Every structure is written in structure tokens, then in C-alpha cells.
Amino acid sequence: MKILIIEDERRLALLLKQGLEENGFTVDLAHDGAEGQFQVENYPYDAVLLDLMLPEVDGLTILASLREQGNDMPVLIITARGEVEDRIRGLNLGADDYLAKPFDLDELIARLRALIRRSRGKPSPLLTVGDLAIDTNARIVSRAGIDISLSAREYAILVYLALNVGRVVSRTELIEHIYETDYDWDSNVIDVYISYLRTKIDKGFPLPLIQTVRGAGYLLKGES
Ligand code: CA
């Protein structure tokens, strides 16, 4: 899951990035409103953490413009304590949630996860595909009741496929949701991780859950 943080307080932005990365998110940073607006309108983030008081373009303007374009990317606004009117304006402009500074990192993570799940029509933190179960709070994966140990990238790919269960996801889409935008990835990196995932998830089971759709991408599917 890839998050864009638009926050001009660099120390806070870096702390948030680090905290989110430790919890399995991929994070891009924007330190002013113009940069943030460009990124949010050009890359498919799973959610945006949007500060309101920003240089160049303020957060409410970015939010209003995004929604006018019909972009329903989940947006969580962060405001200074006491900016009640701004919070209300933000929600009325189409923000999905808000937090007032200073906030607790665990609360932020819980809210982001809930926003992302709801945006994919999956309100429960437990994702199941056939006999595969992913506890997205504890980050525990099991198949047929047996725990499976995954690397951070393998887990990120599996969760993305599970949030989009039954839909073919292209390699490009996976890369866009798993790597930082300026990351210098190799074009076959996804195939390599999928082969690792197949060994861990599907090997030894009569029904493979990860399917390749030639020329299109990958699909996670619970029934044959
Ligand atoms: Ca600010």
C-alpha cells in the first residue's frame, strides 16, 4: 500500500514516513502544496495524508481540485490542534477522515488501514481468499491454518492482490503500489516475487490461488 504524505514540516514528515514504513507501507513525500498536488494527480496512491497549512498550494485547494476531477483516492487530513473549522471544511470538501496534531502513530496507521480497506470494499481487517487468510492488523498470513512467513515485498504484493481479489492486476499496477515513485526497479522484479509467493502459498496445494493471465498480469482467485 502506497501513501503520499504532503507535509511541509520536514521532521514530522520524515518521522511519519519512517513509522509507516516500519508498518509495511510504501511512502512518497511532498514538502509543499505544488509538489503534492502534482504527485497526487499523477500517481495512484492508496491513500493521501494531507496537511492543510502548506506553502504554494494549501491542502484544502488540493483536496477540492482532486474531488472536482472525480478522483476518489482516500484522503486523511492532518490539522493543527484547534483548527475545527478547517476540519469541517475538509470533510465537506470530500476528505475521508482527519487527525489533529499531535497524534498517535498507531491511531494514524489504524485509520489509514481502515480507509484503504473501505475504499476497496473490504471493511474487515481479515482478508480471505479460499483457504488463504491474511490478518492485516497482525500482518499474519496462513493457508489451511498453517502460518506462512513472507518478506515485506511478498506480503505487500499478496495484500494488494487480495484487496483486488478476482481482478487481474498488471505488473505496472503492482509496482506503482509497492515501490516508491523514484525507485529504480527492474521490469521483471514482480515476476520474481510472484514466483517466491507461489512457492510459499501454492506449492503442495491442489488449487493454486495465484494465477497468471498472459499479457495482462496476475490474479488472486479462490475458486477454479
Ligand atoms: Ca503545515
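Remember, predicted model here, so these are calculated numbers, not experimental data. In each ligand, atom 1 is the first atom listed, and ligand 1 is the first ligand listed.
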* Does the pair Arg111 and Glu107 meet the rule for a salt bridge (Lys or Arg N to Asp or Glu O under 4.0 Å), with working shown? -> CA-CA 6 Å; Arg111 285 175 185 265; Glu107 182 177 5; 2.8 Å; yes
* Closest heavy-atom contact between Val129 and Ala162? ->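 Looking at all heavy atoms of both residues, the closest pair is CG2-CB, 4.4 Å.
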* So what's near the Ca ion (ligand 1), protein N, O or S atoms under 3.0 Å? ->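 The answer is Asp8 OD1, Asp51 OD2, Met53 O.
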* For Tyr45 and Asp28, test the side chains for any donor-to-acceptor distance below 3.5 angstrom and give the result as yes or no. =>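 Short answer, yes.
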* Asked: Can you tell me if Asp86 and Thr79 form a side-chain donor-acceptor pair at under 3.5 Å?
  ->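 Absent: no donor and acceptor within the cut-off.
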* Does Phe103 reach the side chain of Leu16, with side-chain heavy atoms less than 4.5 Å apart? ->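 Side chain of Phe103 against side chain of Leu16, heavy atoms only: contact under 4.5 Å found.
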* Asked: Taking side chain as C-beta onward, heavy atoms only, is Val169 less than 4.5 Å from Tyr160?
  ->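 Touching, per the 4.5 Å side-chain cut-off.
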